[in-house]
Amino acid sequence: MTHGIVDVANFYVSAERLFDPSLRGVPVIVLSNNDGCAVARSEEAKALHVRMGEPVFKIRDRIKRHGIQLRSSNYELYADLNRRFNAVIAEHTDTVEIYSIDESFYRAPTLHNGLGDVEAAHRLREDILRQVGLPTRIGLGPTRTLSKVANALAKATEKVWGGVVDLHDTELRRRLFEQWPIGEVWGIGSALEARLHPLGIRTTADLAAMPPAVARDVGTVVLERLVRELGGIECADFKVEPDALKATAVTRQFGEPVKTLDELGEAMARRAARAAEKIRAQGLVASRLIAFAHGSRYRPNPPSASRSARLSPPTNDPRVILRIVGQMTEAIFQPGGVYTKCGVLLEDLTPQGQGQADLFATVDPRAPALLAAMDGLNSRFGRNTITLAVQGHGAKAFDTKRSQKSPAWTTRISEIPVAR
DNA sequence: TCTGGGGTCCTAGGACCC
DNA sequence: TCTGGGGTCCTAGGACCC
């Protein structure tokens, strides 16, 4: 068995460069929501030591001195490009598993008869570059974990090996693992790294040599599986069909801090309405609702509170959800508090019309038609064409800032590029 | 002044049951 | 002094990922 993983190099930056040639060859960073942190960096920006997740205000001088270009996140664009490069992968294999916005697993052999896995991977990279314009790297291995490690090694060795690394060969694994720190391995975060170091486990070779029972003892069954996978034994499922969504969240920092119950109520209602919209789009209903609001953790004694409730019967009706969120907001709000973020989570999601009916609840028989009409209008004429009154209307100071956003080049007819 | 958002999985421990 | 045993279910919290 061969597992492959394709990842797009510096995806958000590569996406921005696709439609804005002035960004090519210069340092670029793409910012998180609210234009707060660097979440993607071009190679030139990495060379200037801009770190992942670094707050923008801390690197203002470097941005100015080196002319680093900034862009707000443009998720419509990234989601559309994700669809496009996965369509190319699907031309090569019928086993694509979309893993994240910029990575997809697949299984070899691909549909190229007679080509070796490595040769076919090079062909796939070329096709994605030619058809979509995005640079990628591919890792191959007998397990998903090994393909992820191979992918990381493909980044590090791109100049030598051309962006494809295959870790089937145990001798090659042995050699490379000696040099590869465990913190770089998929599944080893800072906490596990800190527990493993005192045990003398520092390289991937050390990790792969751990007896599985010891791994389980030090960590959990997750670490045990990771160690087995490093040894070439498959423990993870491959899923062409994505699992149904189990929970969803809409949480945002405010553009400007919020100090009144009215504003917090509107901000909370907007997030709740968006969360309900998201699960309706998937035909799901929620059984559990959580709302929270808090101040800045970088300030002394920030306000912070949350409330949760069961939804019975499970629902995706914004009228029901917003009413409960409104009550929760009143319970959460502390007068005098300065709030910087709030959010709504919907959990225990199940397919609509499948759950047990609630004996004592009355369900509005007209709701499906009403909600379908709402969603139809908002999808046709743009988000928030029609909303519930408690969401307020128009742009507000507390809305998320995206001051450097590029146009929706590929998904909105009014914003497509013009060629002269 | 300014510090992202959205997921999944696992475990420990409490509540409850017979 | 001595105070059962074995389950299930739920939740909070931690860890990880991109």
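- DNA chain B is contacted by A:Pro55, A:Phe57 of residues 40-69 of chain A, taking any non-hydrogen atom closer than 4.0 Å.
- With rounding to whole Å, A:Tyr99 atom OH is found 18 Å from B:dG6 atom P.
- Under the side-chain contact (heavy atoms from CB on, under 4.5 Å) criterion, A:Arg62 pairs with A:His49, A:Val50, A:Glu54, A:Ile59, A:Arg65, A:His66, sequence neighbours left out.
- A:Asp102 comes within 4.0 angstrom of the backbone, heavy atoms only, and of no base.
- Within the structure, salt bridge (Lys or Arg N to Asp or Glu O under 4.0 Å) contacts touching residues 125-138 of chain A (residues at least two apart or in different chains) are A:Asp7-A:Arg137, A:Arg125-A:Glu158, A:Asp127-A:Arg130, A:Arg137-A:Glu158.
- A:Ile101 comes within 4.0 angstrom of nothing in the nucleic acid, heavy atoms only.
- Residue A:Arg297 has a polar side-chain atom (N or O) positioned under 4.0 Å from OP1 or OP2 of B:dG4.
- Because its NZ or CZ atom is both nearer than 6.0 Å to the ring centre of A:Phe238 and within 45° of the ring axis, A:Arg107 counts as a cation-pi partner of that residue.
- Stem regions annotated for DNA chain C: B:5-18 with C:5-18, counting only runs of 3 or more consecutive pairs of Watson-Crick or G-U type with both contacts under 3.5 Å.
- A heavy-atom distance below 4.0 Å to DNA chain C is reached by none of the residues of residues 236-260 of chain A.
- Between A:Trp409 and A:Tyr78, the ring center distance fails the sub-6.0 Å criterion.
- Rounded to whole angstrom, the span from the CD atom of A:Glu97 across to the C1' atom of B:dG7 amounts to 14 Å.
- Atom CD1 in A:Ile98 sits about 15 Å away from atom P in B:dG7, given to the nearest Å.
- Listed pair A:Lys341 / B:dT3 fails the phosphate criterion, with no side-chain N or O lying under 4.0 Å from OP1 or OP2.
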Can you check nucleotides 10-17 of chain B for protein contacts, nitrogen or oxygen pairs under 3.5 Å, and list what you find?
| unit_1 | atom_1 | unit_2 | atom_2 | d |
| --- | --- | --- | --- | --- |
| B:dC10 | OP1 | A:Arg225 | NH2 | 2.4 |

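- Rounding to the nearest 0.5 angstrom, the gap separating the NE2 atom in A:His197 from the CG atom in A:Leu192 is 11.0 Å.
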